[in-house]
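Letters go in sequence order (proteins before strands), and every chain restarts at 1.
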2 protein chains.
Amino acid sequence: MLNELADAREAYNLPHVQQEPRIAAMQTEPKPIEQKQIEPSFKVACSNCNLRELCLPVGLNTDEMQQLDGMVATRRKVKQGGHLYSSGDAFTTLYAIRTGFFKTCVVSEDGREQVTGFQMAGEIMGLDGIVSDKHNCNAIALEDAEVCVMPFNHVEDLSRQIPVLQRHVHKIMSREIVRENGVMMLLANMRAEERLAAFLLNLLQRLHARGYSKSELILRMTREEIGSYLGMKLETVSRTFSKFSEDGIIEVKQKNIRILDHDKLKAIFNASTC
Amino acid sequence: MLNELADAREAYNLPHVQQEPRIAAMQTEPKPIEQKQIEPSFKVACSNCNLRELCLPVGLNTDEMQQLDGMVATRRKVKQGGHLYSSGDAFTTLYAIRTGFFKTCVVSEDGREQVTGFQMAGEIMGLDGIVSDKHNCNAIALEDAEVCVMPFNHVEDLSRQIPVLQRHVHKIMSREIVRENGVMMLLANMRAEERLAAFLLNLLQRLHARGYSKSELILRMTREEIGSYLGMKLETVSRTFSKFSEDGIIEVKQKNIRILDHDKLKAIFNASTC
DNA sequence: CCGGCTACTTGATGTACATCAAGTGAATCC
DNA sequence: GGATTCACTTGATGTACATCAAGTAGCCGG
């Protein structure tokens, strides 16, 4: 059930992406790379994009690929801390993350905030807005980011013409439903150590699918945001990191995490017995 | 954020369904009505279905409606306790519930079960299967039920021809994503009383949208299933019911619940303060 | 370089809920 | 119709995590 957490490749239905040092560097580099301005002459085009294996269906012919190039209306940059969209905003477009890292969170009437997910390059944001034509959560950049803006009408038009794209859109939404099922399991049934192990493994796998190391990662979010996502307090997150560190499973240096014993982490994630 | 829990009409984007005594009776009747066999001559047809306002988009012309009549390949009955589908089954079709009540649940490797939702008439099941072409959870009937079988290929074909249907399918999936966001908030942030209040209010609203009373309901699931869904143990569910009962908020007689003070229930749901 | 801030860590104490255990009451089955 | 079972209730006790509190470390602006 938590396959999604246990095998990113299957869950995300991705081909293995070859290691791309330029991208890989971004994760280990403390500062986000300064995004060079896109010259007006250089048209935004999915067919050229090195992330297309993450965003787009595989098996498109060149004709269809050309049609798809029109899907992205424009790109948009969001500064760290900035909102890509906010709860209540009119929904008109989906977004594909090109660079950067986001969180989505819902806020209850009485002000409690719940982080519902963390999103990285190649992932699609905004699906929550479809049902009521307005966004249902806040999407906030955790580092300087750039997204592809895909007007939803346009996505739907193209979906009607390209069945492979139609299926792809459905899969993306279904994947999100299945992911959230996994999170529900995590929140309802797991103890703190299992939750944090699951969280780390999930991040590692998704980063690995993007060409990053399997044994190292930089957390883009605070302990509090991790805690919100995992249903625990920031102190407990901190203590659990310390515990893992004492047990020689990981090495924690601020937001830099090095995985020393991947198997033990998996064992904790699977363990119901203490 | 928990608007979904607080206002079923908005969340489900439904027109008010007029009270239908025949259906309403089903909720208060302990035994499910014996389903009369459909004569071969009586073709399954969405256009005749009294639940179409729940399943289908509004604003279809008669032409489109006729096309849609082909969407449901057949109907299928499921006995109480029976599986509509199981985790791992090949995914080929979606299901629309005609009568009865279901739960969906995921099971982790170590056997822990997590109820991810309860579904009632007019709701669509099976969306979890799209992403990987196999089902990702178990769908189990909590009472004798009948569903409309809608081959997904067929749904996609029709979606390409009928934009209103396409949008509708997208909304249904988005609604599920938003619902699960609400459950995440509930599991991560709320205390037992708030959870149960939210659960009851949500059930009441969905039942109300189907013509049932706002002040009475029959729980189709056990305390344990409620507990699993809400991330608490059955004893805690039971105690919380007793507490509500002592406080004069509800009257509990087995699975029959009568709401005595709807406002107080809402207040508990909203309260962060104790 | 210093002062203040934010993010994090670590310890002491409290508590909501889980767990364990022993009922009760309605439904089912020979 | 009495025995069995299952779902539920209620009480006593335990515990994982929250809360409260007091630090420390890295970072930013001046």
Side-chain angles (χ1 to χ4, degrees), chain A residues 30-32 79-81 103 112-115 142-143 186-197 199 218-247 250-257 268 271-274, chain B residues 29-32 79-81 103 112-115 140 142-143 186-197 199 218-247 250-257 268 271-274:
Chain A
K31 298 277 185 187
K79 284 264 163 225
Q80 180 170 7
K103 69 169 176 179
R112 280 178 283 189
E113 178 176 303
Q114 171 64 33
V115 173
L142 296 179
E143 58 182 1
L186 180 146
L187 289 171
N189 284 312
M190 294 188 180
R191 19 253 288 336
E193 291 187 25
E194 298 175 66
R195 291 181 200 196
L196 194 64
F199 171 74
I218 297 176
L219 300 172
R220 300 302 184 186
M221 70 294 285
T222 66
R223 303 289 191 262
E224 186 167 17
E225 287 160 340
I226 296 172
S228 172
Y229 183 61
L230 298 178
M232 47 209 252
K233 294 290 137 173
L234 71 98
E235 293 96 328
T236 308
V237 174
S238 180
R239 275 185 244 272
T240 310
F241 271 130
S242 300
K243 172 74 162 45
F244 284 176
S245 186
E246 284 163 25
D247 294 355
I250 63 174
E251 196 181 293
V252 182
K253 203 180 276 176
Q254 305 289 117
K255 305 217 164 186
N256 299 43
I257 309 288
I268 290 170
S272 56
T273 57
C274 258
Chain B
E29 218 146 31
K31 298 276 182 189
K79 284 262 163 227
Q80 180 169 6
K103 69 169 175 179
R112 279 177 285 188
E113 178 177 304
Q114 171 64 32
V115 173
I140 296 167
L142 296 179
E143 59 181 0
L186 179 145
L187 289 171
N189 283 313
M190 294 188 181
R191 15 255 291 335
E193 290 187 25
E194 298 175 65
R195 292 181 199 195
L196 195 62
F199 169 75
I218 297 176
L219 300 173
R220 300 302 184 185
M221 70 295 285
T222 66
R223 303 288 191 262
E224 187 168 17
E225 287 161 339
I226 296 171
S228 172
Y229 183 61
L230 298 179
M232 46 208 254
K233 295 290 137 175
L234 70 96
E235 293 96 329
T236 308
V237 174
S238 179
R239 274 185 243 273
T240 309
F241 270 130
S242 299
K243 172 74 161 46
F244 284 176
S245 185
E246 285 162 25
D247 294 355
I250 62 175
E251 195 181 294
V252 182
K253 204 180 277 176
Q254 304 289 116
K255 305 216 164 189
N256 299 42
I257 309 287
I268 289 170
S272 58
T273 58
C274 257

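- Nearest heavy-atom pair across B:S228 and B:E113 is OG-O, 3.4 Å.
- Every salt bridge (charged side-chain N to carboxylate O under 4.0 Å, His left out) that A:K243 has, sequence neighbours left out, goes to A:E193, A:D247.
- Note on the helix from C:dC1-D:dG30 to C:dC30-D:dG1: terminal axis deviation equals 50°, with five pairs used at each end and the result rounded to 10°.
- Protein atom CD of A:Q80 is 11 Å distant from nucleotide atom P of C:dA7, rounded to whole Å.
- The distance from atom NZ of A:K243 to atom P of C:dT10 is 14 Å, rounded to the nearest whole Å.
- Every residue was checked against the salt bridge (charged side-chain N to carboxylate O under 4.0 Å, His left out) condition with A:K233, not counting sequence neighbours, and none meets it.
- Distance, A:I218 CD1 to C:dA7 P: 18 Å, rounded to whole Å.
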- Contact letters for nucleotides 3-8 of chain D, in which S counts primed atoms plus P, OP1 and OP2 and B counts the base, heavy atoms under 4.0 Å: -----S
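- Taking OG1 of B:T240 as the start and CD1 of B:I226 as the end, the distance is 10.5 Å to the nearest 0.5 Å.
- Under a cut-off of 6.0 angstrom, the local environment of CD in A:E224 is sparse, with at most 12 non-hydrogen atoms contributed by other residues, nucleotides or ligands.
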Could you run down the sub-3.5 Å N/O contacts of the protein with nucleotides 17-21 of chain D?
{"unit_1": "D:dC17", "atom_1": "OP1", "unit_2": "A:A192", "atom_2": "N", "d": "2.7"}
{"unit_1": "D:dA18", "atom_1": "OP1", "unit_2": "A:K233", "atom_2": "N", "d": "3.2"}
{"unit_1": "D:dA18", "atom_1": "OP2", "unit_2": "A:K233", "atom_2": "N", "d": "3.4"}
{"unit_1": "D:dA18", "atom_1": "OP2", "unit_2": "A:T236", "atom_2": "OG1", "d": "2.2"}
{"unit_1": "D:dT19", "atom_1": "O4", "unit_2": "A:R239", "atom_2": "NH2", "d": "2.8"}
{"unit_1": "D:dC20", "atom_1": "N4", "unit_2": "A:E235", "atom_2": "OE2", "d": "3.3"}

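- In this structure, A:F241 places its CZ atom 9 Å from P of C:dC8, rounding to the nearest Å.
- One interatomic measurement links the two molecules: CD1 of A:I268 to C1' of D:dA16, which rounds to 16 Å at whole-angstrom precision.
- Side-chain atoms of B:E251 never come within 3.5 Å of backbone atoms of B:S245 as a donor-acceptor pair (strictly under, hydrogens ignored).
- In this structure, the separation between CE on A:M190 and CZ on B:R112 is 5.5 Å, given to the nearest 0.5 Å.
- B:M221 has its side chain out of reach of B:Y229: every pair of non-hydrogen atoms, C-beta onward, lies at least 4.5 Å apart.
- Counting only distance, with no hydrogens or angles, the side chain of A:R195 and the backbone of A:L187 share a donor-acceptor pair below 3.5 Å.
- To the nearest angstrom, C1' of C:dT24 lies 17 Å from NZ of B:K253.
- Nucleotide C:dA16 holds its P atom 12 Å from the CD atom of B:E194, rounded to whole Å.
- Note: A:L234 CG to A:R239 CZ = 9.5 Å, rounded to the nearest 0.5 Å.
- Residues satisfying the side-chain contact (heavy atoms from CB on, under 4.5 Å) criterion with A:S238, sequence neighbours excluded, are absent altogether.
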